[in-house]
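Read the structure below first, then the notes.
Below, read A as the first sequence line, B as the second, and so on, with proteins coming before strands; counting in each chain starts at 1. Remember, it's a predicted structure, so these values are computed and weren't measured experimentally.
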Number of protein chains: 2
Amino acid sequence: MYHGGMGRKPKIAGALRELMVARGHHAWTLEELRQALAVRGLQANFSSVFRATAKLETDGVVRRVELDDGRTHVEMRDEHHDHLRCRICGEVTPVPCGSLSAALAGLESTTGFLITDHRLVLSGTCPSCQERAALPAKPASPAAVPS
Amino acid sequence: MYHGGMGRKPKIAGALRELMVARGHHAWTLEELRQALAVRGLQANFSSVFRATAKLETDGVVRRVELDDGRTHVEMRDEHHDHLRCRICGEVTPVPCGSLSAALAGLESTTGFLITDHRLVLSGTCPSCQERAALPAKPASPAAVPS
DNA sequence: CTTCGTGCAAACATTTTGCACAAAA
DNA sequence: TTTTGTGCAAAATGTTTGCACGAAG
């Protein structure tokens with residue numbers, strides 16, 4: 001016995017757009033999107049999130065990007081940018097790729113390739129995690145410093 | 001009834017190294033490696049290729065890179081470089097990333113990130129595929145020119 | 001003996017699709 | 001009615017691990 005359409009709270013795709021334009025987070029995995037919807041009171045199935053984002057992609061609203069954690073991420077499709085990902089906290093920050101353009105133009109002429117797209121994933125440590133790493137593990141227990 | 005060790009033709013890892021240093025191909029998927037071994041007469045199991053490459057990675061001989069086709073690729077670990085991938089024929093060409101270094105240094109100071117690694121995947125059309133696309137589908141049927 | 005590399009199968013993680021069905025048009 | 005969006009289950013895809021076992025030391 002199926003109960004698919006259920007109450008069918010109107011729309012997942014719409015809620016996803018609201019979520020993603022609200023920012024605070026930049027590149028979402030499908031599971032992150034599903035959980036964020038749940039927090040907002042919309043219990044959606046993973047498949048539905050998958051299909052809703054697929055539709056948003058078709059409509060040109062979002063773009064799918066592969067960062068380096070094996071899962072696909074979805075982001076709003078504003079102007080092109082690259083990605084800075086902190087290896088410690090995992091947060092993804094967009095960065096403009098202006099300084100790259102010149103380098104790409106040079107590559108086109110030296111390689112003969114027609115470059116139609118690029119994706120630059122930068123890995124490193126974000127400022128907050130650098131601070132955290134610089135501090136003793138806890139001021140309260142200075143003897144607990146690991147190395 | 002298992003017959004695991006079989007004849008155990010000496011070594012997969014060694015054969016993989018030979019394959020990969022021989023070049024002609026740059027970034028290999030595990031399946032590509034397995035097939036290439038088969039052509040050379042070494043029937044290896046996918047898992048064995050997986051583990052052999054894992055070992056090579058641990059030994060610092062190869063590196064794993066995620067290009068944009070969903071599968072993991074393996075490449076020899078010489079100096080760092082970026083990747084040009086043709087969207088038509090799929091061939092991957094390494095390119096030096098010298099011109100990028102300056103841009104990265106600039107990003108470090110403007111973002112506060114400590115950038116420890118990067119991966120640039122360029123997509124486009126390689127020279128051969130550009131030629132192929134520019135030609136009429138076949139010289140024998142000039143009326144078949146698409147646009 | 002122990003260690004290592006291997007084949008095979010199964011587990012695992014993630015993405016995608018098939019099907020039924022409710023709501024909307 | 002048809003179309004669309006949905007839940008659920010299962011398939012598809014790619015990666016990883018468990019286990020037996022032969023070869024090497």
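A straight line from NZ of B:Lys11 to C1' of C:dT6 spans 12 Å, rounded to a whole angstrom. In this structure, CD of A:Gln43 is placed 17 Å from C1' of D:dG5, rounded to the nearest angstrom. Rounded to an integer number of Å, the gap from A:His73 NE2 to C:dT14 C1' is 13 Å. Between the CG atom of B:Leu37 and the C1' atom of C:dG7 there is a distance of 15 Å, rounded to whole Å. Rounded to whole angstrom, the span from the CG atom of B:Leu33 across to the P atom of D:dT15 amounts to 11 Å. Rounded to whole angstrom, the span from the CH2 atom of A:Trp28 across to the P atom of C:dT14 amounts to 18 Å. Across the protein-nucleic acid pair, A:Arg71 atom CZ and C:dT14 atom C1' stand 9 Å apart, rounded to whole Å. When rounded to the nearest whole Å, the span between CG of B:Leu42 and C1' of C:dG7 equals 12 Å.
Looking at heavy-atom distances under 4.0 Å, A:Ala44 makes contact with sugar-phosphate atoms alone, never a base.
Along DNA chain C, the nucleotide nearest A:Phe46 and the nucleotide nearest A:Arg51 are compared for position; the residue whose nucleotide lies closer to the 5' end is A:Phe46.
The salt bridge (charged side-chain N to carboxylate O under 4.0 Å, His left out) with B:Glu57 is formed by just one residue from the set B:Arg64, B:Arg51, B:Arg77; it is B:Arg64.
Proximity of a side-chain donor or acceptor of A:Gln130 to a complementary backbone N or O of B:Gly112 within less than 3.5 Å is detected. A:Ser123 contributes no side-chain N or O that, together with a main-chain N or O of B:Thr116, makes up a donor-acceptor pair within less than 3.5 Å.
Side-chain proximity of A:Ile12 to the nucleotides D:dT15, D:dG7, C:dC8 is greatest for D:dG7. Of the candidate nucleotides D:dT15, C:dG7, D:dG5, C:dG7 has the atom nearest to the side chain of B:Asn45.
Under 4.0 angstrom from either OP1 or OP2 of C:dT16 there lies at least one side-chain N or O belonging to A:Arg64. For B:Ser48 and C:dG7, the shortest distance from a side-chain N or O to OP1 or OP2 is below 4.0 Å.
For B:Arg34 against C:dG7, a side-chain-to-base donor-acceptor contact under 3.5 Å is absent. A donor and an acceptor atom sit less than 3.5 Å apart, one in the side chain of A:Ser47 and one in the base of C:dT17.
Looking at residues two or more places apart in sequence or on another chain, you find a side-chain hydrogen bond (donor to acceptor under 3.5 Å, both in side chains) between B:Glu75 and B:His26, B:Arg63, B:His81, B:His83.
Between A:Glu18 and A:Arg40 there is a salt bridge, since a side-chain N of the basic residue sits under 4.0 Å from a carboxylate O of the acidic one.
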